[in-house]
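Chain A is the first sequence line, chain B the second, and so forth, proteins listed ahead of strands; every chain is numbered from 1.
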Amino acid sequence: MEGIVVKGIQKNFGKKTVLQDVDLQIKPGKIYGLLGRNGAGKSTLLSIIANRIFPNMGTITLDGQTVFENDKALGQMYLMSERNLYSKSSKLKHLLGTTELLYGNFDYEYAYQLAEKFSLDLNQKFGKLSTGYRSIFKLIVSLCVPAKYILLDEPVLGLDANHRELFYREMVDNYVKTGKTFVISTHLIEEITNSLEHIFIIKNGQIIIDGDVEDVLNKAYLVSGPAKEVAQYTAGLNVIGQEKLGNIQGDYVFGKLDSERVLPDTVTVEKPNLQKLFINLTNTKEENK
Amino acid sequence: MITAKEKSVVFYLFKRVFRQLLFVFMWFLIGGVIFPMTLSLITGSNYNLLQAIRSLELGPTFYLVIGCLALLSYDDFKLLIQNGVSRYTYWKAKVITFIGISVLSQTIAIIYFFLMRLILNGNRWEDYSLFMQVYGGFFKNTTIAYLVSFIFAILSAGVFSLSCILVGSIFSLFTKRQRRLIILALITLFIVGIATISNTYQHIAFNAEPWFVNTLNFLVGYDKGGTLNPTMPFIDMVLLGIIVCFGSLQVIKRFKIRNE
Amino acid sequence: MRFNFNSSEPIYLQVAQQVQEAIFTKTYLEGEQIPSTTEISRDFHINPATVLKGMNLLVADGLVEKKRGIGMFVAEGAQSKVVEKRRELFYQDEVVKLISEAQKLQISQTELMELIKRGF
């Protein structure tokens, strides 16, 4: 099968299960979002895909070949993680050189352009950079590296609004030019939603949503009006969240509405945005109360 | 035999180790030659530069420094996995790098040694080489004895660095905190062990078990006739090399990025 | 162009509407080139597939023409098409609603005409 195929992944840390029965496919040439709250298992999943840690069960393949201890597959991926794997005493310039040596065909020209745009001095040592600039440096590498699959784990960590904006711009531009596949894991959804084509929502170590952004949004409804009528209308439907303000109630429904039911005049049906949908899908029961 | 990626990793590691080696050596020279020289200039005491250069123990220094460099594993692993390099490739490249750099450095050390002997009337190889002292008598021909001992010096340096890779990679499986605890435990164990042994054997004569003596004799190639067979240490070294090599592969294959 | 990312309207429709609006207001004249999919995706970080979907709507409506390897251009007669389309929409959305509300308020046809004349 083409692309990265994740099959039956389970991962335990001690007695705690961090990922359970994770199945998904990352096809070439798309921008994916891996959305989940802190601790949902996003980073763990990406680390397993890039063979940095081992799963307890399951397989990861790239174009049908296992990524496990496979130079060829690993060389087609670049995982930018929150954890810094570059040595603090290395100069940024030299790190670019190492990337070129090991991945081949590094786009230096673009890297220097980006460094200028982000006003990053490449003569510095990695350890001297602030959190934001460490992210920026890793982002620059991820945009210039010749790997086909770019996995970004919380890419905008510590970046200010201008730099975030600049990054999204460059990423989409890079995507259009190179046709690379991007997988972006984040809990800051609002800014990135429109750049994504396909999303995976992960909750408590399980994938609860896997679909194209538009299809996912098409299945979401916000039914609001007087509490009694709303409750009647949404009874038996897949209500994933609720907002209440006095007697007014808003029910988030994910899935089909019942077309047989008559919509009372006082009740309106709207389409929530991804951010709202995400919040309601990933809320724990306690938070809903 | 070797893929392009493996070549790149060997190149990377070689360059890195070489630079570290140069760095350590610079300090070695400063500490061993330049510092005492400057000190003698200030204090006006006698300092013999020639003597210092003549007795520069290049071979053992390389031996130790390269061993120490071989201990470091986790940082390279981090950088390499970030750059899409598998653990197997890392292991292979590391073994190639350290064997290569050991061979190279010991060869240089031997050449230096004989240059010093020729020009500055330095030490005699027979007094200097442990192998020559123990097994030198076996050979009728001095040239052959020299050659064999060179090869042994080079081989043992390689195997020593491989052993250090194994030890270093085992340590890399643990977090910094765990490592500190282990080192502390080992040092304590060592001191207590030494103290106990010296206490025990102060009063009792050392009487080793026969099987122990026999094994030891076998390993060093000691014959009942009283001769020492120089092939045995070679066989020991090669076997040890294979074991630590395979062992370090098994350990490195278990490397993973830690939370720290 | 302006996009309301919080609106429930799908982004591809917003893309189509924004370009259509620009054609209507003659920001882009007939025969002129409009921003490419890439430019729009980059400037507003919208997924190129989404932008393309919106553009394809405009192509299907005959408002925009693709010229291979060059880009997208406002089609001949696009402006009047937009005007026509909006008139039709005006009738359906506004006039029909107006009449229905008038009927609820028991305003007769002549009375409504009078009211319209007054407001015009």
Looking at A/N218, A/L196, A/L217, which one has more heavy-atom pairs under 4.5 Å with chain C than the rest?
A/L196
Side-chain touch A/I26/A/F200, heavy atoms, less than 4.5 angstrom:
yes
Might you work through the side chain to side chain donor-acceptor pair (under 3.5 Å) test for A/Q113 and A/Y108, ending with a clear yes or no?
CA-CA 9 Å; A/Q113 272 173 24; A/Y108 275 110; over 6 Å; no
Close side-chain approach of C/Y12 to C/M55, heavy-atom, < 4.5 Å:
no
Could you tell me whether the side chain of A/E2 reaches within less than 4.5 Å of the side chain of A/P28, counting heavy atoms only?
yes
Listed partners of A/L281 passing side-chain contact (heavy atoms from CB on, under 4.5 Å), at least two apart:
A/I201, A/I208, A/I209, A/I240, A/L277
Tell me the residues of residues 135-169 of chain A whose non-hydrogen atoms fall below 4.5 Å from those of chain C, in number order.
A/E165, A/Y168, A/R169
Heavy-atom pairs under 4.5 Å with chain C are the metric here; pick the option from A/L274, A/I31, A/V172 that has the most.
A/V172
For A/E197, is it the side chain, the backbone, both or neither that has a heavy atom under 4.5 Å from a heavy atom of chain C?
both
Contact between A/M171 and A/F182 at the side-chain level, heavy atoms closer than 4.5 Å - yes or no?
yes
Quick check against the 3.5 Å criterion: does C/S100 have a side-chain atom that pairs as donor or acceptor with the backbone of C/V96?
no
